[in-house]
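Questions regarding the structure given below will be posed in turn.
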Amino acid sequence: MRAEFQRPRGTQDILPPTSQKMEQIRRIAVDTAQRFGYLLVETPVFEQTPVFMRVGESTDIVQHERYSFTDTGGVDLTLRPEGTAAIARAYVENGMFNQPQPVRLCYYGPMFRRERPQALRYRQHTQFGAELYGSVQPEADAEVILLACAVVEKVGLPDPVIRVNSIGCSKCRPRYREALIGYYQEQRSQLCPDCQTRINTNPLRLLDCKIDIAIREQAPDIKEFWCEDCSAHYSQLTELLVLSGRQVSRDPFLVRGLDYYNRTVFEIGHPSMGSQAALFGGGRYDGLATALDGPESTPAVGFGMGIERLLSVVEKNFEILPLTRVYVAHLPGFEGPSLVLAEQLRREGFPAESDLLRRSLKAQLRDAGRRSGVVVIVGGQEWEQGEVGVKWLENGVQMTVKREELSDLLRRQSE
RNA sequence: GUGGAUGUAGCUCAGUUGGUUAGAGCACCAGGUUGUGGCCCUGGGGGUCGGGGGUUCAAGUCCCCUCAUUCACCCCA
């Protein structure tokens with residue numbers, strides 16, 4: 001279009017009725033979290049850059065996709081690309097490790113990544129997420145996943161299937177890493193260029209390459225390398241989920257991009273989203289808070305959920321019902337009384353509006369017709385006698401009532 | 001960051017091998033019904049053809065650049 005001022009690339013204007021649906025999802029998410037005991041935390045949308053650097057130096061998200069700027073005071077700041085690091089910072093800064101553990105938190109808000117926009121991938125998107133601090137037990141992982149599933153389900157996506165994996169811990173992962181590197185070195189000549197460099201930079205990511213899928217089928221499975229603790233953790237977690245009535249499938253290739261994870265990683269997708277696989281994803285990151293100068297051992301699990309993606313798969317479940325609003329129309333010269341009557345009705349609890357354009361009655365009715373509801377007509381002889389006209393647009397029924405009886409009538413009819 | 005597709009009214013789109021004042025449907029506004037909507041009829045407002053440059057007697061149409069959108073890769077929610 002020829003608009004001179006356009007929104008920045010990869011951003012969107014969320015207009016009604018989409019904005020109303022987003023608001024409903026937000027309410028469902030935060031409500032559900034609260035029922036699980038997770039209370040809302042609001043952190044700034046920007047942080048000092050080192051907060052994110054500390055957390056994922058080798059990640060694309062913080063390496064190439066940062067929205068950073070220096071403010072006029074010379075401070076290096078970054079728009080948050082995800083919620084976990086910011087919540088960890090807040091947990092440490094506010095001394096929440098001194099509260100009774102575990103601490104259950106959730107967040108909701110915009111995230112920023114400077115990537116190339118694509119379907120359901122934006123430079124600003126909205127995430128809901130939850131974080132559980134203070135427990136190393138598999139019950140903690142399970143609860144967080146159950147919360148994510150509950151939200152997804154309440155929003156209208158029945159029977160979510162969770163893909164889970166464990167990427168081990170500092171005891172067992174190094175051995176697996178070596179085995180993996182060894183295997184891929186042998187195949188090196190047949191690998192795609194990306195994977196050839198990945199061997200050195202981030203070997204675990206070799207597993208979710210979409211080109212060399214034949215090669216990875218033969219690759220060593222981390223499952224064979226899990227230490228006793230990791231193995232027990234994984235099997236207890238999946239058992240808990242199954243006992244809770246959730247469907248779980250292990251995905252040996254699931255490793256996830258943020259490199260602060262240990263043990264549990266999980267994800268859930270939806271067929272309708274095409275290449276945008278994940279609806280929500282998360283995992284355990286026991287070392288994260290410590291990296292941000294928190295106490296020595298501060299275990300944590302959490303997930304992030306993409307609201308725009310979620311909405312895209314459940315949008316049809318969110319038909320916005322037209323409000324039964326009252327439209328106060330007026331005859332020529334009765335603009336004032338109609339505005340006042342609308343205000344009185346609002347104070348009595350009716351969603352009401354009046355014409356502000358001094359339009360003809362015909363135009364007012366046409367306008368009201370689009371909003372489907374009740375029209376109250378002010379003016380003329382009826383008004384002189386303390387009466388108003390009332391007309392229901394769906395069936396055309398019309399009557400005249402005393403002004404004092406109007407709200408009773410409207411109340412009765414809306415039941 | 002890499003590769004492909006697309007950009008004509010608020011929306012969905014026509015526009016023939018370049019050829020006069022660029023069209024339709026929907027939406028919007030007004031009138032037909034001087035106190036009554038949804039149907040119908042009539043009329044109206046709206047476009048620097050994404051932007052810039054070039055070729056040509058002539059460009060919405062051809063060429064180059066740019067911006068934006070979109071799809072895939074990368075990566076992720």
Side-chain angles (χ1 to χ4, degrees), chain A residues 1-12 15 56 58-65 80-84 108-129 148 152 192-195 197-198 202 205 208-211 254-259 267-270 273-282 303-313 327 329-334 355 357 359-383 388-398 400:
Chain A
M1 285 312 78
R2 75 158 248 270
E4 187 176 353
F5 298 105
Q6 311 183 321
R7 61 184 190 274
R9 184 164 204 199
T11 63
Q12 38 175 358
L15 310 174
S58 71
T59 314
D60 262 33
I61 289 180
V62 309
Q63 249 186 350
H64 309 295
E65 301 177 357
R80 64 179 178 201
E82 47 103 19
T84 298
Y108 186 101
M111 304 295 163
F112 307 85
R113 295 175 194 177
R114 199 186 175 293
E115 28 186 8
R116 187 104 169 233
Q118 199 181 312
L120 295 177
R121 210 173 81 184
Y122 308 100
R123 289 184 172 185
Q124 175 178 341
H125 74 279
T126 311
Q127 259 187 60
F128 165 73
V152 158
C192 71
D194 278 338
C195 282
T197 61
R198 274 198 273 244
N202 201 345
R205 310 241 74 215
D208 55 23
C209 176
K210 280 153 198 128
I211 301 167
L254 179 63
V255 290
R256 298 193 54 79
L258 276 52
D259 50 11
E267 214 171 84
I268 191 166
H270 192 269
M273 290 198 305
S275 66
Q276 302 311 324
L279 216 48
F280 69 71
F303 69 86
M305 182 178 291
I307 299 302
E308 287 83 358
R309 289 183 185 180
L310 184 58
L311 180 58
S312 84
V313 305
Y327 191 103
H330 63 268
L331 295 172
F334 289 84
D355 172 74
L357 295 174
R359 282 182 282 206
S360 67
L361 182 60
K362 175 178 175 164
Q364 293 178 68
L365 282 163
R366 198 188 320 123
D367 189 29
R370 284 188 276 257
R371 297 151 204 266
S372 85
V374 186
V375 185
V376 174
I377 301 169
V378 168
Q381 204 185 353
E382 297 91 323
W383 184 258
V388 292
V390 183
K391 178 169 185 170
W392 284 268
L393 292 167
E394 305 93 285
N395 50 20
V397 172
Q398 183 163 355
T400 305

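Treat the numbers as computed from the prediction; the structure is a model and nothing was measured.
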Touch class at under 4.0 angstrom, heavy-atom based, for Gln12(A) against every strand present: nothing
Base G1(B) to side chain Arg114(A), donor-acceptor N/O within 3.5 Å cut-off: no
Watson-Crick or G-U wobble mate for U55(B), both contacts under 3.5 Å: none
Separation of A68(B) C1' from Tyr122(A) OH (nearest whole Å): 15 Å
Sugar-phosphate, base or nothing in reach of Phe128(A), heavy atoms under 4.0 Å: nothing
Integer angstrom distance from the P of U8(B) to that of C49(B): 11 Å
Spacing between His125(A) atom NE2 and C76(B) atom P, to the nearest angstrom: 12 Å
Euclidean distance for C1', C28(B) against U69(B) (whole angstrom): 26 Å
Integer angstrom distance from the P of C13(B) to that of G50(B): 15 Å
Side chain of Ala119(A) (C-beta onward), nearest among C76(B), A72(B), G32(B): A72(B)
Base G37(B) to side chain Lys391(A), donor-acceptor N/O within 3.5 Å cut-off: yes
Rounded distance in Å - CG (Leu361(A)) to C1' (G37(B)): 9 Å
Below 4.0 Å: OP1/OP2 of A68(B) and any side-chain N or O of Arg116(A): no
Validation row: Arg123(A), Glu65(A) side chains within 4.5 angstrom (heavy atoms): no
Complement of U36(B), any strand, by Watson-Crick or G-U distances under 3.5 angstrom: none
Same-atom distance (C1') from C11(B) to U2(B), integer angstrom: 34 Å
Sugar-phosphate only, base, or nothing, as touched by Gly10(A) at under 4.0 Å among non-hydrogen atoms: sugar-phosphate
Sugar-phosphate only, base, or nothing, as touched by Gln398(A) at under 4.0 Å among non-hydrogen atoms: base
Touch class at under 4.0 angstrom, heavy-atom based, for Ile307(A) against every strand present: nothing
Check: Glu115(A) side chain, A77(B) base, donor-acceptor under 3.5 Å: yes
Position toward the 5' end of RNA chain B (nearest nucleotide), Trp392(A) or Lys362(A): Lys362(A)
Pairing partner of A72(B) (Watson-Crick or G-U wobble, both distances under 3.5 Å): U2(B)
Whole-Å gap separating P (U33(B)) and CD (Gln364(A)): 20 Å
Nearest-Å distance for atom pair CZ/C1', residues Arg7(A) and A68(B): 9 Å
Pairwise distance OG1(Thr126(A)) to CE(Met305(A)) - rounded to 0.5 angstrom: 13.0 Å
Shortest non-hydrogen separation from Arg359(A) to Asp355(A) and the atoms involved: NE-OD1, 2.9 Å
Touch class at under 4.0 angstrom, heavy-atom based, for Gly396(A) against every strand present: base
Euclidean distance for C1', A24(B) against G15(B) (whole angstrom): 11 Å
Pair assignment for U12(B), Watson-Crick or G-U wobble, requiring both distances under 3.5 Å: A24(B)
Whole angstrom value for the distance that separates C1' of G37(B) from CG of Leu365(A): 5 Å
Along RNA chain B (nearest heavy atom to each residue), the more 5'-positioned of Glu65(A) and Ser360(A): Ser360(A)
Flag side-chain contact, heavy atom, 4.5 Å: Ile377(A) against Glu382(A): no
Gln118(A) side chain near A72(B) phosphate (N/O to OP1/OP2, under 4.0 Å): yes
Flag side-chain contact, heavy atom, 4.5 Å: Tyr327(A) against Val376(A): no
Base partner of C29(B), which must satisfy Watson-Crick or wobble distances under 3.5 Å: G43(B)
Distance in angstrom units between Leu120(A) CG and C71(B) P, rounded: 8 Å
Separation of U36(B) P from Asp367(A) CG (nearest whole Å): 17 Å
Arg9(A) (side chain) and U69(B) (base): donor-acceptor pair under 3.5 Å: no
Presence of Arg309(A) side-chain N/O under 4.0 Å of C76(B) phosphate oxygens OP1/OP2: no
Euclidean distance for C1', A58(B) against G19(B) (whole angstrom): 7 Å
Sugar-phosphate, base or nothing in reach of Glu382(A), heavy atoms under 4.0 Å: base
Distance (rounded to the nearest 0.5 Å) between Gln381(A) CD and Leu331(A) CG: 11.5 Å
Same-atom distance (C1') from A68(B) to G51(B), integer angstrom: 10 Å
Arg309(A) side, atom CZ; Leu279(A) side, atom CG - distance, nearest 0.5 Å: 8.5 Å
Side-chain N or O of Arg359(A) closer than 4.0 Å to phosphate OP1/OP2 of A30(B): no
Partner nucleotide, any strand, of G7(B) [Watson-Crick/G-U, under 3.5 Å]: C67(B)
Distance, P atom - from G18(B) to C63(B), rounded to whole angstrom: 11 Å
Leu310(A) side chain reached by Phe280(A) side chain, heavy atoms, under 4.5 Å: no
